[in-house]
Amino acid sequence: MSSVNTRQESTVVKYDFRSIEKRWQERWRADDLFRTPEDRSRPKFYGLDFFPYPSGDGLSVGHCRNYVPSDVFCRYRRMRGDNVLHPMGWDAFGLPAENEAIRRKSHPKKTVPQYVANYKRQMNLLGLSYDWSREINSSEPEYYRWTQWFFLLLYRRGLAYRSAAPANWCPSCATVLANEEVHDGACWRCGTDIEKKDLPQWFFRITEYADRLLEDLKLVDWPESIKLMQTNWIGRSVGVEFDMPIKGHDASMRVFTTRVDTVFGVSFAVLAPEHPLVAQITTADRRAEVEEYVRKSRRISEIDRMSTERERDGCFTGAYAINPVNGQEVPIYVADYVLLSYGTGAIMAVPAHDTRDFDFARRYGLPAPVVIAPDGWDGQPLKEAHTGEGTMVNSGQFSGMRNTEGAEAIADWMQEQGIGERRVNYRLRDWLISRQRYWGAPIPIVHCPVCGEVPVPEEQLPVLLPDVENYEPPGDGRSPLATIPEFVNTSCPACGGPAQRETDTMGGFACSSWYFLRFADPHNDRAPFDRDKVEYWLPVDLYVGGAEHAVMHLLYARFWTKVMYDAGLVPFVEPFTRLKNQGMLLAPDPKNPGVLVKMSKSKFNVVTPDEMAEKYGADALRVYELFVAPFEDTVPWSEDGINGCWRFLNRVYRVVAERPGSFVPDWRSTVRQETVSNEAKALARKTHQTIMKVTRDIEDFAFNTAVAALMELTNQIYDFVNAKDGLHYPCPVWSEAVETLILLLAPMAPHLADELWQMIGREGYTYSAPWPEADPEVAKADVLTIVVQVNGKVRDKISVDAGTSEAELERLALESPRVQGALQGRPARKVIVVPGRLVNVVG
RNA sequence: GGGCGGAUGGCGAAACGGCAAACGCAGCAGACUUAAAAUCUGCCGGGGCAACCCUUGUGGGUUCGACUCCCACUCCGCCCACCA
């Protein structure tokens with residue numbers, strides 16, 4: 001009977017998410033609900049998303065995979081009583097924004113504000129709880145003034161310098177790039193192959209911090225894979241550096257090796273093609289060939305040069321080097337498998353014990369004397385390089401030692417003899433920061449013919465980016481700013497004479513290396529931030545974004561933070577305490593049917609949050625983003641899935657909305673007395689178990705199982721309602737379950753939660769309501785199902801009261817007819833009892 | 001070439017070393033509908049009439065007990081890659 005009524009009501013009670021979501025978003029905004037509290041009596045929580053570069057394509061549902069979970073976490077912490085800082089801003093300076101404006105034949109000054117407005121609209125549509133009063137934009141003078149200020153800080157501390165070196169040049173973007181921005185020999189933005197170009201460039205001396213950047217990874221709670229990528233990128237290696245005198249010259253070539261144990265096996269030496277010694281030592285008869293080789297290796301693209309498929313080639317210089325440990329003369333080659341930028345740009349080559357040297361030696365018929373005998377070596381020449389351990393042979397007084405000890409002994413001996421010294425090398429290079437592009441913060445330096453390089457005084461900041469119509473790069477290695485005389489010509493801050501401004505701008509990664517600090521004090525016009533505010537809010541407690549920034553932004557930001565620490569500006573050495581990387585969202589590739597690729601505008605497979613919010617609602621989209629898979633997992637998008645989440649929210653809505661007047665506001669005072677019925681007891685138990693489960697899961701970023709737990713609770717509320725409807729309303733246990741469900745759901749589906757919150761007669765917003773507390777006693781089951789196994793196979797299940805003794809459990813298990821049957825008359829040799837869980841009879 | 005992940009129903013997935021497949025999607029059957037949608041109920045890894053047997057990429061090991069731990073292999077994904 002009552003079910004018929006319910007069904008009729010259900011056609012009337014409609015989950016009208018469109019009006020619900022619109023209404024609550026308006027109220028939140030009118031009440032300025034998400035403004036960060038200034039009260040310092042409560043613990044703070046700083047939850048931050050990687051700030052995005054606003055693209056004209058807008059957000060896709062793929063982008064929501066980090067914004068939604070971090071929003072859930074922040075809302076949850078707010079309900080736990082923390083002061084939450086959850087800001088958003090725009091990484092608006094830099095190549096991506098500029099390239100996009102060029103492509104659309106517009107100007108970044110016009111496009112950026114449009115795109116920002118669209119992103120903001122979409123974020124609000126999703127109900128993200130950002131405090132917009134702290135919004136920042138890295139392309140505005142109020143912001144980049146301080147980026148320039150930090151440049152000067154680095155400059156004053158000797159950490160910013162100008163130097164001419166072969167740099168990574170992207171011919172398409174017409175600018176140089178940092179090493180971190182070159183992926184597989186190509187530009188990370190446009191994919192064009194990188195060329196080497198000699199230009200005077202500005203660098204940040206990040207190498208000076210290599211050891212600390214490596215060491216302090218111990219202090220942060222980050223995914224191991226990201227820490228490892230940074231470790232590899234920094235690439236610390238310990239070895240020995242020594243000079244090899246060059247026969248017939250006053251000069252010597254300095255080499256670095258991590259395998260000093262093989263030093264007696266050197267049969268040739270190699271210089272990088274760009275090495276300055278090449279021109280000096282090449283003999284007359286070899287000159288033409290060597291010059292041709294050097295030219296050729298300079299022409300070859302980075303991508304080809306790095307390929308390991310390519311056969312290693314080189315060219316003999318005609319000169320010989322002397323191995324200082326045994327006086328042996330070895331030929332010196334030029335080869336592009338040796339890089340000028342690493343170590344000393346020159347190596348000793350030991351073909352028997354290095355695969356690259358082995359290949360090279362074979363090609364040019366060079367000897368490969370064995371000095372580390374593999375275990376069980378037959379004395380014959382090796383068929384491939386032996387790079388593992390072994391016993392040292394043909395190594396003077398070190399012969400007979402294990403190579404691992406020999407390495408130490410030789411290093412000691414070389415130091416004593418003054419031949420060489422221990423040395424640590426890093427693969428990390430200094431960070432190339434200048435860009436020959438318009439859309440960035442101008443580097444605040446003036447070049448004066450009298451005083452030289454002069455920093456712009458702080459009080460003259462910002463050095464404003466000139467407002468011009470044509471900003472496209474000239475492509476000749478100069479910045480577009482160099483073509484604007486009004487910008488270039490200035491007076492020297494030191495002597496007042498005529499001088500010229502630096503015309504390069506800073507790469508976008510300078511802006512993003514400190515923005516997280518600015519959110520603590522976003523409108524300060526006297527300093528980048530107030531130290532007191534930064535001390536309260538920082539470091540960032542939770543940082544959420546993609547793994548693609550592992551060795552770019554995340555490394556640079558750590559470096560700047562350490563510089564600030566050294567300068568006494570901040571009291572911490574690591575900016576981001578806990579880091580989480582979301583998984584990608586895949587979608588079908590329209591060009592390859594059946595193939596899934598990353599969802600992106602360039603693949604023409606984007607689904608927007610706008611269309612999903614229109615069709616299913618922002619709450620359903622939020623819940624689906626959480627439910628679809630574990631947070632870190634890459635997963636395909638499916639519209640069927642979001643429909644399921646919509647149905648779930650619909651059920652939540654109806655179970656409350658269809659029972660007006662059933663809610664007992666004061667359920668707390670009576671709820672524990674009603675637990676006489678088994679259904680009521682079961683529902684109360686489930687309610688408290690769900691509080692525990694959802695709380696733990698959110699803390700662990702296991703949002704998918706948190707949603708599943710809420711679905712289970714909802715299902716059980718329906719079971720309860722179906723068993724009891726028409727009997728006992730108003731009902732305290734139902735009220736407890738419903739209020740708890742609303743609150744646990746609030747961080748995930750905040751609009752619906754607030755609607756239901758109001759419907760049950762509660763005041764205010766779920767955002768500021770306290771998080772439910774679990775009563776472990778209520779959550780505890782009083783009857784347990786114990787699994788009974790025989791030899792590890794499930795044979796029976798028995799129901800017992802919680803607290804049944806182990807002896808009793810053993811007795812009950814042995815009594816079971818099915819256990820007896822499985823034993824087939826054999827005696828139980830051993831019985832394992834896991835209290836509250838299982839009994840395993842071994843027989 | 002090196003490193004790091006991963007592999008469980010038709011699909012996304014769940015499972016402190018202790019009932020494999022929770023939760024959801026898709027599917028099937030039914031109820032309500034003139035009908036459809038929505039909603040509700042039931043079924044939903046494989047085999048077998050059944051009791052029962054089999055099933056977490058492959059092969060081994062540890063354990064009373066292994067999706068889980070260890071070793072080897074296969075496949076997939078991501079990252080790095082001539083770094084001396």
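Just so we're on the same page: letters track the sequence lines, and every chain starts at 1.
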Chemist: Write down the protein N/O and nucleotide N/O pairs, taken from nucleotides 16-18 of chain B, whose separation is under 3.5 Å; answer none if there are no such pairs.
Modeler:
| unit_1 | atom_1 | unit_2 | atom_2 | d |
| --- | --- | --- | --- | --- |
| B:C16 | N4 | A:R837 | NE | 3.0 |
| B:G18 | N2 | A:Q789 | OE1 | 3.3 |
| B:G18 | N2 | A:N840 | ND2 | 3.3 |

Chemist: Base, sugar-phosphate alone, or nothing: which one does A:D357 contact when heavy atoms must sit under 4.0 Å apart?
Modeler: nothing

Chemist: If I pick the P atom on B:G9 and the same atom on B:G57, what distance separates them, to the nearest angstrom?
Modeler: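 Rounded to whole Å, the distance is 8 Å.
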
Chemist: May I ask you to say what A:R236 touches in the nucleic acid, namely base, sugar-phosphate or nothing, with a heavy-atom cut-off under 4.0 Å?
Modeler: nothing

Chemist: Calculate the interatomic distance between A:K793 atom NZ and B:C19 atom C1'; express it in whole Å.
Modeler: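 Spelled out: NZ on A:K793 to C1' on B:C19 is 14 Å.
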
Chemist: Using a strict cut-off of less than 4.0 Å between a Lys/Arg side-chain nitrogen and an Asp/Glu carboxylate oxygen, indicate whether A:E699 and A:R696 qualify as a salt bridge.
Modeler: no

Chemist: For the pair made of CG in A:L554 and P in B:C79, what is the distance, rounded to whole Å?
Modeler: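 Distance, rounded to whole Å: 15 Å.
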
Chemist: When the P atoms of B:U56 and B:A51 are compared, how many Å lie between them, rounded to an integer?
Modeler: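 These two P atoms come out 22 Å apart once rounded.
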
Chemist: Side chains of A:N232 and A:R427: donor-acceptor distance under 3.5 Å anywhere?
Modeler: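 Their side chains do not contain a donor-acceptor pair, so the 3.5 Å distance test is not met.
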
Chemist: Tell me the interatomic distance from A:Y718, atom OH, to B:U39, atom P, rounded to whole angstroms.
Modeler: 10 Å

Chemist: Please report the distance separating the C1' of B:G65 from the corresponding atom of B:C75, rounded so that it comes out in whole Å.
Modeler: 30 Å

Chemist: Counting only side-chain heavy atoms from C-beta out, which of B:U39, B:C53, B:A20 sits nearest to A:V794?
Modeler: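 Nearest to the side chain of A:V794 among the choices is B:A20.
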
Chemist: Atom CG of A:L555 and atom C1' of B:C79: how far apart are they, to the nearest Å?
Modeler: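 In whole Å, B:C79 C1' and A:L555 CG are 15 Å from each other.
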
Chemist: A:L228 has a side chain; which of B:A13, B:G3, B:A81 sits nearest to it?
Modeler: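 Between B:A13, B:G3, B:A81, the one nearest the side chain of A:L228 would be B:G3.
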
Chemist: With rounding to whole Å, what would you report as the distance between B:G46 and B:U62 at their C1' atoms?
Modeler: 30 Å

Chemist: Please check: side-chain N/O of A:D261 versus main-chain N/O of A:T404, any donor-acceptor pairing under 3.5 Å?
Modeler: no

Chemist: Starting at the 5' end of RNA chain B, which residue's closest nucleotide do you reach first, A:D633 or A:S237?
Modeler: A:D633

Chemist: Mind checking whether A:F360 and A:Y364 have parallel, tilted or perpendicular rings, split at 30° and 60°?
Modeler: tilted

Chemist: Does any N or O in the side chain of A:H275 come within less than 3.5 Å of the main-chain N or O of A:A346, such that one atom is a donor and the other an acceptor?
Modeler: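 Pair absent, no side-chain N/O of A:H275 close to backbone of A:A346.
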
Chemist: Should the side chain of A:K797 and the base of B:C19 be counted as holding a donor-acceptor pair, with the cut-off at 3.5 Å?
Modeler: yes

Chemist: On a whole-Å scale, what distance lies between the P atoms belonging to B:A37 and B:G27?
Modeler: 11 Å

Chemist: B:G1 pairs with which nucleotide, Watson-Crick or G-U wobble, both distances below 3.5 Å?
Modeler: B:C80

Chemist: Contact class for A:P630 vs. all strands (heavy atom < 4.0 Å): base, sugar-phosphate, or nothing?
Modeler: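 Here A:P630 touches the backbone only, sparing every base.
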
Chemist: Taking O4'-C1'-N9-C4 for purines and O4'-C1'-N1-C2 for pyrimidines, is B:G9 syn (within 90° of 0) or anti?
Modeler: syn

Chemist: Tell me which nucleotide, if any, is Watson-Crick or G-U wobble paired with B:A29 when both distances must be under 3.5 Å.
Modeler: B:U41

Chemist: May I ask you to say what A:R423 touches in the nucleic acid, namely base, sugar-phosphate or nothing, with a heavy-atom cut-off under 4.0 Å?
Modeler: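 Result for A:R423 = nothing.
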
Chemist: State which of B:C80, B:A84, B:C40 makes the closest approach to the side chain of A:F256.
Modeler: B:A84

Chemist: Are A:Y653 and A:W646 an aromatic pair, judged by ring center distance below 6.0 Å?
Modeler: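 No, ring centres 6.0 Å or more apart.
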
Chemist: Picking from B:C64, B:A13, B:A84, which would you name as closest to the side chain of A:V842?
Modeler: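 Looking only at side-chain atoms, A:V842 lies closest to B:C64.
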
Chemist: Between B:A72 and B:C4, how far apart are the P atoms? Round to whole Å, please.
Modeler: 12 Å

Chemist: How would you list, by chain and number, every residue that makes a salt bridge (charged side-chain N to carboxylate O under 4.0 Å, His left out) with A:E639, sequence neighbours excluded?
Modeler: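 Partners of A:E639 by the salt bridge (charged side-chain N to carboxylate O under 4.0 Å, His left out) criterion, ordered by chain and then number, come out as A:K615.
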
Chemist: Provide the Watson-Crick or G-U wobble partner of B:A35, both distances under 3.5 Å; none if there is no partner.
Modeler: none

Chemist: Using whole Å, what does the distance between atom P of nucleotide B:A13 and atom CZ of A:F631 come to?
Modeler: 15 Å

Chemist: Hunt down the Watson-Crick or G-U wobble partner of B:A50, both distances under 3.5 Å, from any strand shown, or write none.
Modeler: none

Chemist: Which one is paired to B:C19, where only Watson-Crick or G-U wobble pairs with both distances under 3.5 angstrom count?
Modeler: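 Paired with no nucleotide.
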
Chemist: Please report, rounded to the nearest Å, how far the P atom of B:C80 is from the CG atom of A:L339.
Modeler: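 So the two atoms are 17 Å apart, to the nearest Å.
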
Chemist: What interatomic distance, in whole Å, is found between C1' of B:U68 and the corresponding atom of B:U63?
Modeler: 13 Å

Chemist: Look at A:E408 together with A:R422 and state whether they make a salt bridge at an N to O cut-off of under 4.0 Å.
Modeler: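 So A:E408 pairs with A:R422 through a salt bridge.
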
Chemist: 5'-most contact on RNA chain B: A:D354 or A:K693, nearest heavy atom basis?
Modeler: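 Final value for this comparison: A:K693.
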
Chemist: Tabulated below should be each protein N or O lying under 3.5 Å from an N or O of nucleotides 23-28 of chain B; please produce it.
Modeler:
| unit_1 | atom_1 | unit_2 | atom_2 | d |
| --- | --- | --- | --- | --- |
| B:G24 | OP1 | A:N715 | ND2 | 3.1 |
| B:C25 | OP1 | A:R647 | NE | 3.1 |
| B:C25 | OP1 | A:R647 | NH2 | 2.8 |
| B:A26 | OP2 | A:R647 | NH2 | 3.0 |

Chemist: I need the full list of side chain to side chain donor-acceptor pair (under 3.5 Å) pairs touching residues 786-795 of chain A, with sequence neighbours left out, sorted by first then second residue.
Modeler: none

Chemist: For B:A72, which nucleotide in any strand shown is its Watson-Crick or wobble partner with both distances under 3.5 Å?
Modeler: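 Across all strands, the one nucleotide that pairs with B:A72 is B:U58.
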
Chemist: May I have the distance from A:L784 (atom CG) to B:C19 (atom P), rounded to whole angstrom?
Modeler: 14 Å

Chemist: Looking only at the side chains, is there a donor atom on one of A:D357 and A:Y337 sitting less than 3.5 Å from an acceptor on the other?
Modeler: yes

Chemist: Return the set of residues passing salt bridge (charged side-chain N to carboxylate O under 4.0 Å, His left out) with A:R236 (not counting sequence neighbours), or none when no residue passes.
Modeler: A:D211

Chemist: Both distances under 3.5 Å, Watson-Crick or G-U wobble: report the partner of B:C11, or none.
Modeler: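 Paired with B:G24.
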
Chemist: Provide, to the nearest angstrom, the distance between the CZ atom belonging to A:R427 and the P atom belonging to B:G3.
Modeler: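 Rounding to the nearest Å, CZ of A:R427 and P of B:G3 are 14 Å apart.
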
Chemist: What pairs with A:R423 under salt bridge (charged side-chain N to carboxylate O under 4.0 Å, His left out), at least two apart in sequence or on another chain?
Modeler: A:E241

Chemist: In whole Å, measure the gap between the C1' atoms of B:A66 and B:G59 for me.
Modeler: 15 Å

